[in-house]
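Okay, structure first, notes after.
When a residue number appears, it is its place in the shown sequence, counting from 1.
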Amino acid sequence: MSSSPVTLIFGASRGIGAACAENLKANGWRVALTYATKPPAGDLGRAYQVDVRDAAAVARVFAQVQADFGEAPTAVVANAGINVPGKPVGDFSPDDFRLLMEVNLFGAFNVLAEAARHVRDDGAIIAITTSLVRHVVPGTGPYAASKAAVESLVRAMSKELAGRRVRVNAVAPGPVDTDLFNAGKTEEVKARMAAFAPLNRIGRPNEIAEVVGFLLSEKASWVHGQIVQPNGGMV
């Protein structure tokens with residue numbers, strides 16, 4: 001059995017998740033990753049297709065990783081999520097709100113619950129949320145609400161898993177240059193969102209991956225139950 005630890009990243013076909021897989025692989029991790037419909041490009045790790053809304057399917061991924069790698073993951077990253085076009089709450093479709101919650105909240109719950117049961121002692125769990133939980137932007141309320149609920153799960157788990165020395169944190173980026181962020185936005189809108197941060201630019205996926213890599217490493221052995229916000233000073 002290899003001594004290199006295993007990390008399991010949910011939602012790693014592109015964007016932040018793919019950047020995390022690339023970063024962790026470069027730093028000696030054995031990487032397992034999931035995708036919803038389109039497999040990741042390149043050799044980022046062993047890939048598994050799963051709909052995180054399906055609790056039984058998420059559980060099967062953990063079992064398959066155990067079988068394929070010969071051990072349970074030392075780290076789990078819950079990154080799978082979606083967004084829909086932003087609208088004020090009064091104009092928001094109930095169907096869109098339900099979809100956001102099914103993927104971003106129920107999906108994250110399924111991943112985090114299985115992680116709590118299966119991650120190795122002395123391991124780490126990270127959920128990817130958003131700085132929009134604290135930086136209020138009109139039209140983003142439902143998306144931010146789905147991520148705020150995930151942060152509540154993270155805080156609870158940090159107390160629940162402390163006895164096994166499993167560190168649980170969230171990474172809450174500001175706007176990041178991903179397909180999910182860019183979808184449906186004009187250059188004017190993106191420039192306005194870049195101006196949210198004093199650094200006046202959009203973040204890069206690798207910048208978020210560096211934070212995730214740090215939090216999963218022994219260098220972050222005293223960081224637990226935190227919401228870490230790489231956002232250029234936005235909030």
For residues [X] and [Y], determine if any side-chain heavy atom of one lies less than 4.5 Å from a side-chain heavy atom of the other.
| X | Y | result |
| --- | --- | --- |
| P173 | E207 | no |
| V212 | I128 | yes |
| F214 | V228 | no |
| L99 | I82 | yes |
| W29 | T74 | yes |
| R167 | I125 | no |
| F181 | T178 | yes |
| V77 | L216 | yes |

Give the minimum heavy-atom separation between [X] and [Y], together with the two atoms involved.
| X | Y | result |
| --- | --- | --- |
| T34 | V61 | CG2-CG1, 4.1 Å |
| I208 | P230 | CD1-CG, 3.7 Å |
| L215 | A220 | CA-CB, 3.6 Å |
| V235 | Q229 | CG1-OE1, 3.5 Å |
| V58 | V50 | N-CG2, 3.9 Å |
| P142 | V89 | CD-CG2, 4.4 Å |

Does any N or O in the side chain of [X] come within less than 3.5 Å of the main-chain N or O of [Y], such that one atom is a donor and the other an acceptor?
| X | Y | answer |
| --- | --- | --- |
| N169 | G225 | yes |
| N231 | S131 | no |
| H224 | V168 | yes |
| E151 | A149 | no |
| T130 | V133 | no |
| R120 | P73 | no |
| K147 | A172 | no |

Item to check | Residues M157, V166; criterion side-chain contact (heavy atoms from CB on, under 4.5 Å); working and verdict | outcome: CA-CA 9 Å; M157 290 174 64; V166 174; over 6 Å; no
Item to check | side-chain contact (heavy atoms from CB on, under 4.5 Å) assessment of V223 paired with Q226 | outcome: CA-CA 7 Å; V223 183; Q226 302 302 307; 4.0 Å; yes
Next on the checklist: Here's one to test your reading of the geometry: is the NZ or CZ of R46 within 45 degrees of the ring axis of F69 and under 6.0 Å from its centre?
Outcome noted: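 So R46 does make the cation-pi contact.
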Next on the checklist: For Y35, does the six-membered ring have the charged nitrogen or CZ of K38 within the cation-pi criterion, i.e. under 6.0 angstrom from the centroid and within 45° of the normal?
Outcome noted: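 No; the conditions do not both hold, so K38 does not lie above the ring face of Y35.
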Item to check | Enclosure of F109 CZ (heavy-atom neighbours >12, cutoff 6.0 Å) | outcome: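 For F109, atom CZ is not crowded (no more than 12 foreign heavy atoms under 6.0 Å).
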Checklist entry - Does a sphere of radius 6.0 Å around NZ in K190 hold more than 12 heavy atoms from other residues, nucleotides or ligands, not counting ones at 6.0 Å or beyond? => result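 Atom NZ in K190 is packed in, count exceeds 12.
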Could you give the distance from [atom1] ([X]) to [atom2] ([Y]), rounded to the nearest 0.5 Å?
| X | Y | atom1 | atom2 | result |
| --- | --- | --- | --- | --- |
| L153 | L112 | CG | CG | 6.0 Å |
| D95 | E102 | CG | CD | 9.5 Å |
| M193 | I202 | CE | CD1 | 6.5 Å |
| L24 | S4 | CG | OG | 12.0 Å |
| R30 | D68 | CZ | CG | 11.0 Å |
| C20 | I126 | SG | CD1 | 7.5 Å |

Next on the checklist: Whether R204 and D177 form a salt bridge (side-chain N of Lys/Arg under 4.0 Å from carboxylate O of Asp/Glu) is what I want to check.
Outcome noted: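 Salt bridge absent between D177 and R204.
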Checklist entry - Hey, are R60 and E114 close enough for a salt bridge, meaning a charged N less than 4.0 Å from a carboxylate O? => result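 Here R60 does not pair with E114 in a salt bridge, since their nearest N and O are not under 4.0 Å apart.
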Hydrophobic cluster membership, [X] vs [Y], 4.5 Å side-chain cutoff:
| X | Y | answer |
| --- | --- | --- |
| F92 | L132 | yes |
| V6 | L161 | yes |
| I9 | V103 | no |
| M101 | L180 | no |
| V31 | F10 | no |

Item to check | Verdict with supporting geometry, L33 and Y48, side-chain contact (heavy atoms from CB on, under 4.5 Å) | outcome: CA-CA 6 Å; L33 54 91; Y48 305 85; over 6 Å; no
Next on the checklist: Is it the case that the side chains of N23 and N206 hold a donor-acceptor pair, with the cut-off being a distance below 3.5 Å and no angle test?
Outcome noted: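 No, no side-chain donor-acceptor contact under 3.5 Å.
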Next on the checklist: Run V189 and R192 through side-chain contact (heavy atoms from CB on, under 4.5 Å) and show every step you take.
Outcome noted: CA-CA 5 Å; V189 169; R192 189 163 64 247; 3.6 Å; yes
Checklist entry - Going through the checks in order, is the salt bridge (Lys or Arg N to Asp or Glu O under 4.0 Å) test met by D43 and K25? => result CA-CA 10 Å; D43 182 20; K25 185 176 180 181; 3.2 Å; yes
Checklist entry - Can you name the ring pair (Phe, Tyr, Trp, His ring centres under 6.0 Å) partners of F196, sequence neighbours left out? => result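 In terms of ring pair (Phe, Tyr, Trp, His ring centres under 6.0 Å), with neighbours along the sequence ignored, F196 is linked to H135.
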